[in-house]
Amino acid sequence: MADVRLESVTKRFNDTVAVDDLSVLIEEGEFFSLLGPSGCGKTTTLRMIGGFEEPSAGRVFLGGNDITNTPPYKRDVNTVFQSYALFPHLDVYENVAFGLRRKKLDASAVSTKVAESLRLVDLEGYDKRKPNQLSGGQQQRVALARALVNEPGVLLLDEPLGALDLKLRKHMQLELKAIQGRVGITFIYVTHDQEEALTMSDRIAVMRAGVIEQLGTPQDIYENPATEFVAGFLGASNLLDATVGHSSGDTTTVVVEGTELKVPTARVGEGKAVKIGVRPEKITIATGPAHVDPDWNALPGRVSLATFVGVSHQFEIVVAGGNKVVVYAQNLGNGDIPKAGDEVTMRWRVEHTFALGKSLEPAATKEET
């Protein structure tokens with residue numbers, strides 16, 4: 001196992017800055033995800049760790065050793081790609097054994113290690129099959145076994161589930177997390193899929209325009225987004241313009257569309273103009289005036305759209321000023337369900353409210369390669 005440290009790493013492609021002065025420490029044995037939209041620099045960052053791209057500036061460390069100028073084949077790192085890159089003419093056994101044979105291990109050691117690796121990914125008995133005889137999920141697991149059989153200190157995964165259908169992708173998310181827990185090595189995972197990152201990661205770095213906008217645990221980033229971009233990219237958020245009023249102990253009063261709401265003071269930065277945020281699933285809906293409770297916020301509105309999606313009811317509610325708030329209500333199968341045109345009051349706990357200042361804006365257009 002090994003930790004990975006990037007120290008002021010920058011990558012330029014001619015006049016385009018793909019990664020901009022990035023520093024981060026990825027702990028030994030951690031499942032760490034680089035999350036962001038296309039062009040944010042996440043794949044370029046992964047390629048610099050793997051040695052497939054050389055930083056324009058800065059240094060890359062693996063287990064405390066500077067590997068910035070070390071070629072890929074000399075790094076204690078293996079990579080799993082979205083395309084799997086299996087050898088179609090070789091069976092599963094030979095695909096997994098390929099790296100071991102290049103190391104000139106004897107046949108007995110190769111056999112033992114391949115068997116262990118296939119057992120790890122639940123592919124015992126598949127050793128004589130060719131890649132075209134396997135499903136997409138099975139091919140992905142062969143690629144994983146081939147990477148793990150060499151016992152790398154770090155495993156890099158570049159959107160390895162992207163080619164799978166939704167149901168299989170969800171299953172493989174849990175499989176990958178379980179496998180990482182069993183082998184205990186450092187996984188660095190690149191994805192643009194928020195659910196993948198939330199499901200598997202110990203920590204997530206949300207990237208935008210070559211920089212990390214926020215770094216933390218999945219729960220911390222989801223519950224306490226640092227910027228408007230993070231709030232909107234990681235799950236759904238309702239963001240409303242607000243003016244900061246007075247503080248009283250642990251809470252600060254803000255005014256949204258003429259209604260006073262409360263925000264935990266620790267979440268309000270400097271400045272008078274902010275955006276108030278609340279996640280759709282945190283909100284409950286009541287018809288008529290709401291009961292006043294100091295631990296809850298209440299905001300009136302009118303239902304403009306009500307839809308049923310099986311596990312939940314989803315609503316769009318228009319508040320004063322014309323802004324819309326989205327609400328997810330769990331389908332409990334009881335009670336009256338608001339319909340379009342109903343006047344309602346939205347309620348949520350003060351602790352579920354977050355405040356954001358001006359969102360970070362990229363200084364220039366940056367692209368990922």
Counting N and O atoms only, with roles assigned by atom type, does the side chain of [X] sit under 3.5 Å from a partner on the main chain of [Y], one being a donor and the other an acceptor?
X: Lys11; Y: Val17; result: no
X: Arg141; Y: Val121; result: yes
X: Thr265; Y: Gly249; result: yes
X: Thr243; Y: Ala273; result: no
X: Thr251; Y: Lys262; result: no
X: Asn238; Y: Val325; result: no
X: Lys177; Y: Met200; result: yes
X: Ser247; Y: Thr252; result: no
X: Asp20; Y: Val211; result: no
X: Thr112; Y: Ser108; result: yes

Search all heavy atoms of [X] against all heavy atoms of [Y] and return the closest pair with its distance.
X: Val19; Y: Gly41; result: CG2-O, 3.6 Å
X: Ala306; Y: Lys339; result: CB-CA, 4.4 Å
X: Gly64; Y: Asp3; result: N-OD1, 3.7 Å
X: Val319; Y: Pro300; result: CG1-O, 3.6 Å
X: Leu22; Y: Gly210; result: CD1-O, 4.3 Å
X: Lys324; Y: Ser304; result: CE-OG, 4.4 Å

So with a 6.0 Å cut-off around [atom1] of [X], is the heavy-atom count from everything else above 12?
X: Phe308; atom1: CZ; value: yes
X: Glu260; atom1: CD; value: no
X: Arg182; atom1: CZ; value: yes
X: Asn331; atom1: CG; value: yes

task: Only one of Lys42, Gln173, Glu196, Glu159 passes side-chain hydrogen bond (donor to acceptor under 3.5 Å, both in side chains) with Thr191; say which it is.
output: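 Single pass found, and it is Glu196.
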
Say you draw a straight line from [atom1] of [X] to [atom2] of [Y]; how long is it, rounded to the nearest 0.5 Å?
X: Thr307; Y: Tyr328; atom1: OG1; atom2: OH; result: 9.0 Å
X: Leu46; Y: Thr79; atom1: CG; atom2: OG1; result: 6.5 Å
X: Leu6; Y: Asp21; atom1: CG; atom2: CG; result: 11.5 Å
X: Asp193; Y: Leu198; atom1: CG; atom2: CG; result: 9.0 Å
X: Leu120; Y: Leu144; atom1: CG; atom2: CG; result: 7.0 Å
X: Met48; Y: Ile67; atom1: CE; atom2: CD1; result: 11.5 Å

Between Val206 and Phe229, is the side chain to side chain contact (heavy atoms under 4.5 Å, CB included) condition met? List the steps. CA-CA 9 Å; Val206 182; Phe229 170 76; 3.9 Å; yes

Report task. Could you go through the side chain to side chain contact (heavy atoms under 4.5 Å, CB included) check for Leu299 and Trp348 one step at a time? Result -> CA-CA 9 Å; Leu299 185 64; Trp348 65 91; 4.1 Å; yes

Heavy-atom side-chain proximity of [X] to [Y] below 4.5 angstrom:
X: Tyr93; Y: Ser111; value: yes
X: Leu176; Y: Tyr189; value: yes
X: Arg169; Y: Gln140; value: no
X: Phe13; Y: Thr44; value: yes

If the threshold is 4.0 Å, N to carboxylate O, is there a salt bridge linking [X] and [Y]?
X: Glu281; Y: Arg279; answer: no
X: Arg267; Y: Glu223; answer: no
X: Asp91; Y: Arg129; answer: no

| Among Arg5, Arg75, Arg59, which one satisfies salt bridge (charged side-chain N to carboxylate O under 4.0 Å, His left out) with Asp66? |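 Answer to the salt bridge (charged side-chain N to carboxylate O under 4.0 Å, His left out) test with Asp66 among Arg5, Arg75, Arg59: Arg59.
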
- prompt: Going through the checks in order, is the side chain to side chain contact (heavy atoms under 4.5 Å, CB included) test met by Leu155 and Asn78?
  reply: CA-CA 5 Å; Leu155 186 65; Asn78 269 8; 4.0 Å; yes

Margin query: Quick one, Val142 with Tyr126, criterion side chain to side chain contact (heavy atoms under 4.5 Å, CB included). Give me CA distance, side-chain angles, the key distance, then yes/no.
Written below: CA-CA 10 Å; Val142 173; Tyr126 287 77; over 6 Å; no

